[in-house]
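The next block holds one structure in the form of C-alpha cells; read it before the comments.
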Amino acid sequence: MLDITNIISAVLKGDEPEVKLLVLEAISTGEKAGDIMNKGLIAGMDEVGKKMEAEDMFIPEVLMSARAMNSGAQILKPHLTEEDSGGIGVLVIGTVQGDQHDIGKNLVKMLMEGAGFEVVDLGTDVDPHKFVSAVRDNNATILAMSALLTTTMPMMADVISALNSEGLRDRVKVLVGGAPVTEEFSDEIGADGYGPDAGSAVRIAKTLISGEV
Amino acid sequence: MASICSNEQALNSPFAKKLADEQCQKIYWACLEILERTGVCLYDQDAVDILKKAGAYVTNGNRVRIPSGMVEKAFSTVPKNLSLYDRMGNRVMQVGGYRSYFGTGSDCLNIIDHRTGERRQAVLQDITEGMTVCDSLDHIDFVMSMFLPSDVPQERLDRYEMEVMLNNTTKPIIYVTTEFSGCADAVKMAEIVAGGEDTLRCRPFAACYINVTTGLRHNEEALQKLLYLSEKGLPFTYIPSAQGGVTAPITIAGTMAVNYAGVLTGLVLSQLKREGAPFIMPGWGGNMLDMKTMVQPYADPQKRAQSIDFVHYLGLPMFSLAGCSESKLVDQQAAIEAALTLFTDALFGGNLVHDVGYLESGLCGSLPQVVICNEILDWLSAFMKGIEINDETLALDLIDEVGPDGQYLDNPHTLKHFKERWYPKLFDRSNYNGWKSKGGKSLGKRASESVDQILAEHKPEPLPKDVADAVHAIVVEN
Ligand code: B12
C-alpha cells in the first residue's frame, strides 16, 4: 500500500519527476484518484501555502511545487470522476485600466494556478468591459483585480458596477489586491475579499468559493 | 548647500569602486548586444518611427532593434554634466562627476505622524510640512513630493503635489506625474515660475522622474514624456525598473544589462529628438524582489554601487537612491539602513541621490526620519573631506614648544583650528547626567522635536502672489 503522504513531501520539495512517479504508482496500486488529488497533491500545496505565508519558503521554490503539482494533476485527469475533476473553478485576473504594474498580479496568477484554478489572465490596463465579458465568457467563479496606484484603484469600483448592470455580480466573487488597496477599501466598493499578498490571496480565494468565512 | 564629493582631492580623500572599467565595458557591450539582437518593444508610434528613420530595424510593428552605432552617436551629443538651479535662478547643483546631492523620494501613501506616532494615510498638508522641513535642512539639496495626498481629487494629485512643492521650497524639484498630461502641466507650472519657456530651459530648476515598465518594454506615457521633454530640452530621468528574477535575470550583471539596455534606448531617442537634450541615467541596478516577501527592497546591499561605477564609466549625470529603509518604524533598522545606504552613495559618488527618508520600501515616510538623515549627511560631509597636511596642520614647532608635559587647551593654535572639527546637532555626546538633565530623550524623540521647531520657525520664501495664482489656475483647470 502506498503512503500518500510521500506525494505531499514530493510536492513540498517541488520534485516534478518524483511527483509524477508517485501519482502513477498510486494509480496503479488502486488508490482512488480523488484521494490522490485531495489528500496528496492539494494537501501538498496547502502545506506550501502555509510555509509561504510564514515566509518559510522562497517564491521560486513555491512555483516549482506548483509546477510539480500541476504535472501530477495532468496525469490524474483521465482518472478523475466528473465530480472530483471539476477543478476548483475559473479565475479571471487583470490589472485595472490605467495601471501598468503587473509583477504582483503575475505572482497571484501563478499561485492561483498552482492552487488548481483555471486562470484567464487579461494582462494590464484592462478596461471594465473586458473584465465583464471575460467573466461572462468563461463563466468565472472569481474575478481578481490588481491596482498599484491610488489613481487607478477607483476603477475596481467601476468594474463592480459594470458587473452589477450586466446582472453578473451574483455569479462571481470579486477579490481585490495591490499595495494601496486595503480591507476597508475592499468593503467600501463591495468586493468579496481582499488579500494583502499572494499567499493569502490563494487562501482567501479558496474560502470565497467554499463559502466559509 | 551640499559639499559631499567622492574622490574630491584625486585619491587623497575617500572614494570607493566596486567595478573595474573592464567590467563596465563588458556590461556596456552586453547592453549593445541586447539592443541589436533582442531589441525592445516600444508602445508609442512616434518613438518607433523616429528610431526607424534613424536606422533601427523594426519588426511586428513595435519591436525595435537598435544598431550599436546609434548608441555611440548619442553619447557624442548628450551633455555630460547638468546644472540645476533653484526656484530663484541660482545655480545650486552641478550634476555629474562624483558630486553628491541629496533629496527626498516621492509619493508615499502613508506617513508616520510625528505628533501621534501613528501610521496613517498622507494628506496634502503633510507635503506642505515636508517641503518646509526640507527647505530648512542643510543637506537636503532637492525635493520630491514625499507623500501622496489622499485628500485631493486623485486624477489631478500630481498637479497638487507640484503646486505645494513650488509654494513651500525654493530648492530644485523632481516631479513625478502619473500620465503624460500631468507632465505637460508640471512643465507649464515650472515655466510660469521661471518666467517663460526659454528661462526654464536655460535655468532648469525642475526635472521629471520617468519610470518605464521594464528594460525591454517601454510604456506609452514614458515615451511620450521623454519625447516631449527632450524636444523642450528639459531634464528628466529615464528609469526602467528591471526586477531581477521577474522581468530580468536574477543575477546582478544580467539585471543591469537588461536595465541599461532600456536606459540606452531612452538615451538614443532623446538625442534623436533633440541633439544635446539633457538625460539623467539611473544610478542603481541589479534590483531584485525579496523572494520570500515579494517586497522590492530599497536598502538592498547588492543593488548599489556597481551602477554608480557603471554610469561614471559612461560619463553621464545620474539619479541615485539612498537614505531609505524597509523598516515600518523610525527605529534602529531605519537608522542603520539609511546610514549605510547614504554612506555608500557618498563614497561611490552617486549624483542626485533621492529617497532620503523613505520607510516601508517606499510606502511610508516620516519627517523625523528625514531630519535624522540630514544629521547622517552632516556627519558624512565631514567624513568625506580630505586631510590637509602642511606645516600649519602638522604644527611641529608648536609640538616642540609645548613639549611632552604641556597641554594645548588654551593655545592660540587650538583656538584657531578647533572649529574645523565636526560637532553633531542631533546626535548626543553629553555624559549620562547631561543627557538625563536634557530630558533623557532618544534620537527619535529629539528628531521629532526638531521637526516641530522647524515647522514653528521656518518660513519658506513664498512665490509672488500673481505667480502663485497662475500656478493654481493650472491645478484646478479642467
Ligand atoms: C516596480 C514598480 C514600478 C514598475 C512596475 C513594473 C511592472 N512590470 O509591474 C514601474 C517602473 C513600471 C512603475 C511605474 C510607475 N509607478 Co510604480 N512602483 C513599483 C514599486 C517599486 C514596486 C511594485 C511591485 O512590483 N512590488 C512587488 C509586487 C510583488 O508586490 P505588489 O504589486 O504589491 O503585489 C503583492 C500584493 O500587493 C498582492 N497583490 C497584488 N495584486 C493583487 C491582486 C489580488 C486580487 C490580490 C488578492 C492580491 C494582490 O500580492 C502581491 C504579492 O505579494 C512600487 C512601490 C511599492 N513598494 O509597492 C511603486 C509604486 C506603486 N509606483 C508608483 C508610481 C508613482 C509609479 C508611476 C506613476 C511613476 C511614473 N510617473 O512613471 C508609474 C505608473 C505607471 C502606470 N501607469 O502604471 C507609486 C504609487 C503612487 C500612487 N499614485 O499610488 C509607488 C507606491 C512608489 C512610490 N512610493 O512612489 N512602478
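The sequence lines fix the lettering, A, B, ..., with proteins before strands; numbering per chain opens at 1. The analysis underlying the following values was restricted to heavy atoms, covering all of them including side chains, and did not include hydrogens, waters or symmetry mates.
The number of heavy atoms from other shown groups lying within 6.0 Å of CZ (A:R67) does not exceed 12. A 6.0 Å sphere centred on CE of A:M64 holds no more than 12 heavy atoms belonging to other residues, nucleotides or ligands.
When heavy atoms are compared at a cutoff of 4.5 Å, B:I250 does not approach chain A at all.
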Using atom types as modelled and no hydrogens or angles, find all donor-acceptor pairs between chain A and chain B shorter than 3.5 Å.
from   : atom 1 : to     : atom 2 : distance (Å)
A:I59  : N      : B:M291 : O      : 2.6
A:T150 : OG1    : B:Q154 : OE1    : 2.8

